[in-house]
Amino acid sequence: MLCTHKSCIKHPYAMDSLTFLLHPPSLPSNFSSSSDNFYATFPRKSHKSLLYVSPGRRPFHFNHEKRSLTSVRATVLDLPTPFGTNEEKLKLNLLSAVSGLNRGLAASVDDLQKADAAAKELEAVGGLVDLSKDIDKLQGRWKLIYSSAFSSRTLGGSRPGPPTGRLLPITLGQVFQRIDVLSRDFDNIVELELGAPWPIPPVEATATLAHKFEIIGSSKIKITFEKTTVKTSGNLSQLPPLEIPRIPDALRSSSNTGSGDFEVTYLDADTRITRGDRGELRVFVVS
C-alpha cells in the first residue's frame, strides 16, 4: 500500500505520485502489465520517467533525509517529452536543417535538398496562405536565415550579382526585410563589409533597397524597385547616406527589370517561407 506518513503526503512529489496513481498514463504497447501493477510518472528535465513497480512490492516514497526517490525492484523508462504540436516539430526541423549554412552561402547540394524537403513538410501542414486575411502577419522586420540562391556564391542569388570571395572582397552580413502593410513599403536591408587594401580598414555599410509591393491572388506578392540607399557605419558613420537612383527602364537588362514576384508558402506569427519566381527558397524569422 502507499506510504501515508504525514511527511510523505505533504511533499509535492508524494502528492504528484498519488495523483498519477489514481489517474495513471498508458504504458507503451510493447510493455507487459497486469491489473495489480503500480506505475506513476513524475517530471524531470526534458523527460518523463515512467516508474514501474512489480506486483506485491511497495511503491516508491520520497525520503526527506536522502532527498531521493526510492523503490523496490523498480524499472525506469525514459520517455522523451514531445515538442509541442506536429507543426512546431516540423518548424524546428526546418530551422535545424538551415542552421550553420551561413544563410545558404555555405550550402552544398545535399544541404539544399534537405532544406527544401523540410520546408515542403512544413508548408503541407500549414496549408495554403491567404494574405487577404493574414496580411497583418507580414508587418514588421524579418531576418533572412536561409536563401537557396546564395549557394551560387553571388549576392544576387539566382540573378546576376557581385561575387563573394577573393575577386571582390565583400562579406555579407545580416539580411532583413522591412514590410509596412499600410504604406505598401517593402525594403530589403543588407549589411555589407567591403574590403580595402592594407592598412585601410574595411568599410562597413548598410544598403537599403526600397520597393513597393502589391498582393496578387491569395498568396503572391509583386515588388517594384524604387531606389537604393547606402549608409556607412563604424568609423565612417558620420558620412551622409548615398542615394543611388533607379536605372531607367530603357537601360535595364532583360534579367533585371526592377520588379519580381514570389509566393508566401508558409506564414505564422514568427516564421515565413517564400518561393521566388526563379525557384528560390527563402526562410525568415521575426527580428
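Residues: numbered from 1 along the sequence shown.
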Validation row: [X], [Y] side chains within 4.5 angstrom (heavy atoms):
X	Y	answer
Leu138	Leu267	yes
Leu90	Leu94	no
Thr208	Val230	no
Arg282	Phe150	no
Leu172	Leu192	yes
Leu95	Val285	yes
Arg103	Ser147	no
Arg178	Ile189	yes

Parallel, tilted or perpendicular: rings of Phe186 and Phe262 (30°, 60°): tilted
Do Thr265 and Glu123 pair up side chain to side chain, a donor and an acceptor below 3.5 Å, judged on atom types alone? yes
Run Ser96 and Asn93 through side-chain hydrogen bond (donor to acceptor under 3.5 Å, both in side chains) and show every step you take. CA-CA 5 Å; Ser96 209; Asn93 184 45; 5.8 Å; no
Look up atom CG in Leu112 and atom OG in Ser151, then write down how far apart they are to the nearest 0.5 Å. 4.5 Å
If I take atom CD from residue Gln174 and atom OG from residue Ser287, how far apart are they, to the nearest 0.5 angstrom? 8.5 Å
Counting neighbours of NZ on Lys220 that are heavy atoms of other residues, nucleotides or ligands and sit closer than 6.0 Å, is the number greater than 12? no
Are there over 12 heavy-atom neighbours, none belonging to Leu128, within less than 6.0 Å of that residue's CG? no
Any carboxylate oxygen within less than 4.0 angstrom of a Lys/Arg side-chain nitrogen, looking at Arg275 and Asp261? no
Is any NZ, NE, NH1 or NH2 atom of the basic residue among Glu214 and Arg184 found under 4.0 Å from an Asp or Glu carboxylate oxygen of the other? no
Counting only N and O atoms by type, is there a donor-acceptor contact under 3.5 Å from the side chain of [X] to the main-chain atoms of [Y]?
X	Y	answer
Ser237	Gly234	yes
Asp134	Lys137	no
Glu88	Thr85	yes
Gln139	Val181	yes

[X] and [Y]: same hydrophobic cluster, using ILVMFWY side-chain contacts below 4.5 Å?
X	Y	answer
Trp142	Ile215	yes
Leu144	Leu105	yes
Leu122	Leu101	yes
Leu281	Val175	no
Ile223	Val190	yes

Check step by step if side-chain hydrogen bond (donor to acceptor under 3.5 Å, both in side chains) holds for Ser219 and Glu263. CA-CA 6 Å; Ser219 60; Glu263 187 172 1; 3.0 Å; yes
Return the minimal non-hydrogen interatomic distance between [X] and [Y], and the atom names on each side.
X	Y	value
Pro241	Thr229	CB-CG2, 3.9 Å
Ser233	Ala205	OG-N, 4.0 Å
Lys231	Pro240	CD-C, 4.4 Å
Ala97	Ala115	CB-CA, 4.3 Å

Could you check His211 against Asn188 for side chain to side chain contact (heavy atoms under 4.5 Å, CB included), going step by step and ending with a plain yes or no? CA-CA 8 Å; His211 300 77; Asn188 286 321; 3.7 Å; yes
Taking the six-membered ring of Phe176 as reference, does the cationic atom of Arg141 (NZ for Lys, CZ for Arg) lie under 6.0 Å from its centre and within 45° of its axis? yes
Could you check whether Arg272 makes a cation-pi contact with Phe284, meaning its NZ or CZ is under 6.0 Å from the centre of the six-membered ring and within 45° of the ring axis? yes
Check the pair Ile216 / Ile221 against side chain to side chain contact (heavy atoms under 4.5 Å, CB included), numbers first and verdict last. CA-CA 6 Å; Ile216 302 175; Ile221 294 178; over 6 Å; no
Given the options Asp180, Asp185, Asp187, Lys212 meets salt bridge (Lys or Arg N to Asp or Glu O under 4.0 Å) only with Asp185
